[in-house]
Amino acid sequence: MLRIITVLLLITFGSTAFANEIYIDQVGDNLDLDITQDGTNNKVGDASTDMTLAGDDMTFAITQTGNTNTIVATIKGTDYTGTWQFTGNSNAVDLQCSSTSTGNCDTVTLNITTTGDDNTFDFDIGEVADADSATVSFTVTGDNNIVNSDIDGTSAVLTVVMDNSASLATTSANSDEGNVFTLDQAGNGDVAGHTVILDVTGGGSTYDINQSGINDATVNATFDGDSQDVDITQSD
């Protein structure tokens, strides 16, 4: 399988002088995949979702540097570890974990770090399945970034650190200043339930948190900045 992946990379890299595109369809356990892209208009996956990793005990690390890069990925199976690093503006990431597959995307550890403006991140982990023991961390530095996270499963822990203080933003994210974070965690809340940790520095950001049963939902939030718009709903 490693040989096939290498061939795909060489073919797609040579297709254009301005961007590179990576399409991978992987089946098998114990995958260790590292991807590094530098430049603009680069792609990992799509047409449609030709970045599908199926198997257990996977490690997938990706680094993108530049603007208007995209990632569309589907991970199928259990036990996934990811380290994703992004530097640049107007990038987009769409991740589905365990989409219509065997396994519930259990034991997920995902660390995402981004520096830049106008980026969009959509993460759906477990989807409607019971994704046990998910630990997801976002560190976002910049303005007008949008993070949509949906983690379904027992003992999910989500940490978000946002910093747009360099702009001294005091207006809403719709004015290209603050950031937007939405969360929807539903079901399988015990033990010890869904946990959200927010650490926000800078003004004008919007947060919509919605956690649901059964029991043990916790939000620990620290805000430092003007004009924050925060909605929190928790239910057993």
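Just so you know, these numbers use all the heavy atoms, side chains as well, and skip hydrogens, waters and symmetry mates. Residue numbers count from 1 along this sequence.
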Donor-acceptor check, side chain of Q26 to backbone of G28, threshold 3.5 angstrom: yes or no?
yes
Any non-hydrogen side-chain atom of W84 less than 4.5 Å from a side-chain atom of I71?
yes
Would F121 and V161 show up in the same hydrophobic cluster when neighbours are defined by side-chain heavy atoms closer than 4.5 Å?
no
Can you name the one residue among N41, N42, T40 that meets side chain to side chain donor-acceptor pair (under 3.5 Å) with N69?
N42
To the nearest 0.5 angstrom, please state how far the CE atom of M58 sits from the CG atom of L31.
7.0 Å
Is there a donor-acceptor contact under 3.5 Å from the side chain of D226 to the main chain of G204?
no
Using side-chain contact (heavy atoms from CB on, under 4.5 Å), reason through L53 and I24 one step at a time and then give a plain yes or no.
CA-CA 8 Å; L53 309 179; I24 298 174; 4.2 Å; yes
Looking only at heavy atoms, which two atoms of M162 and V180 are closest? And how far apart?
CE-O, 4.1 Å
Kindly determine whether V93 and F123 satisfy side-chain contact (heavy atoms from CB on, under 4.5 Å), including the steps that lead there.
CA-CA 8 Å; V93 177; F123 286 81; 3.9 Å; yes
The test is side-chain contact (heavy atoms from CB on, under 4.5 Å); show your working for F86 and I112 and say whether it passes.
CA-CA 8 Å; F86 307 96; I112 305 101; 3.8 Å; yes
Linked, directly or transitively: V147 and I197 (ILVMFWY side chains, under 4.5 Å):
no
Considering only heavy atoms from C-beta outward, does the side chain of L95 approach that of I75 to under 4.5 Å?
yes
Atom CG of D79 and atom CG of D57: how far apart are they, to the nearest 0.5 Å?
4.5 Å
Hey, which of D122, T120, D124 is the one that makes side chain to side chain donor-acceptor pair (under 3.5 Å) with N148?
D122
For V72 versus M51, what's the shortest heavy-atom pair and its separation?
O-CB, 3.2 Å
Treating N119 as the side-chain partner and N91 as the backbone partner, does any N or O pair qualify as donor plus acceptor under 3.5 Å?
yes
Please examine the side chains of K43 and Y23, heavy atoms only from C-beta on, and report whether any two atoms are closer than 4.5 Å.
yes
CG on D163 to OG1 on T201, rounded to 0.5 Å
5.0 Å
The test is side-chain contact (heavy atoms from CB on, under 4.5 Å); show your working for N145 and F138 and say whether it passes.
CA-CA 12 Å; N145 294 293; F138 282 95; over 6 Å; no
Taking side chain as C-beta onward, heavy atoms only, is I209 less than 4.5 Å from V219?
yes
Min side-chain heavy-atom separation Y207-V196 under 4.5 Å
no
Residues Q37 and Q64: closest non-hydrogen pair is OE1-NE2, 2.7 Å
Pairwise side-chain contact, L198 with F223, heavy-atom cut-off 4.5 Å (strictly under)
yes
For T182, does its backbone N or O pair with a side-chain atom of D208 as donor and acceptor, under 3.5 Å?
no
Rounded to the nearest 0.5 Å, what's the gap from OG1 on T139 to CG on N111? Could you check?
8.0 Å
Considering all heavy atoms of both residues, which atom of V44 and which atom of I62 are nearest to each other, and what is their separation?
CG2-CD1, 3.7 Å
Note: T52 and K76 closest approach over all heavy atoms is CG2-CE, 4.0 Å
Check: D117 side chain, D143 main-chain N or O, donor-acceptor pair, under 3.5 Å
yes
In this structure, OG1 of T83 is separated from CZ of F60 (nearest 0.5 Å) by 10.5 Å
Under 3.5 Å, side chain of D29 to main-chain N/O of D56, donor-acceptor pair present?
yes
Check for a donor-acceptor pair, side chain of N179 on one end and backbone N or O of N144 on the other, with a separation under 3.5 Å.
yes
How close do N164 and G142 get, counting heavy atoms only, and between which atoms?
CB-O, 3.1 Å
Answer whether the closest heavy-atom distance between the side chains of D38 and T36 falls below 4.5 Å.
no
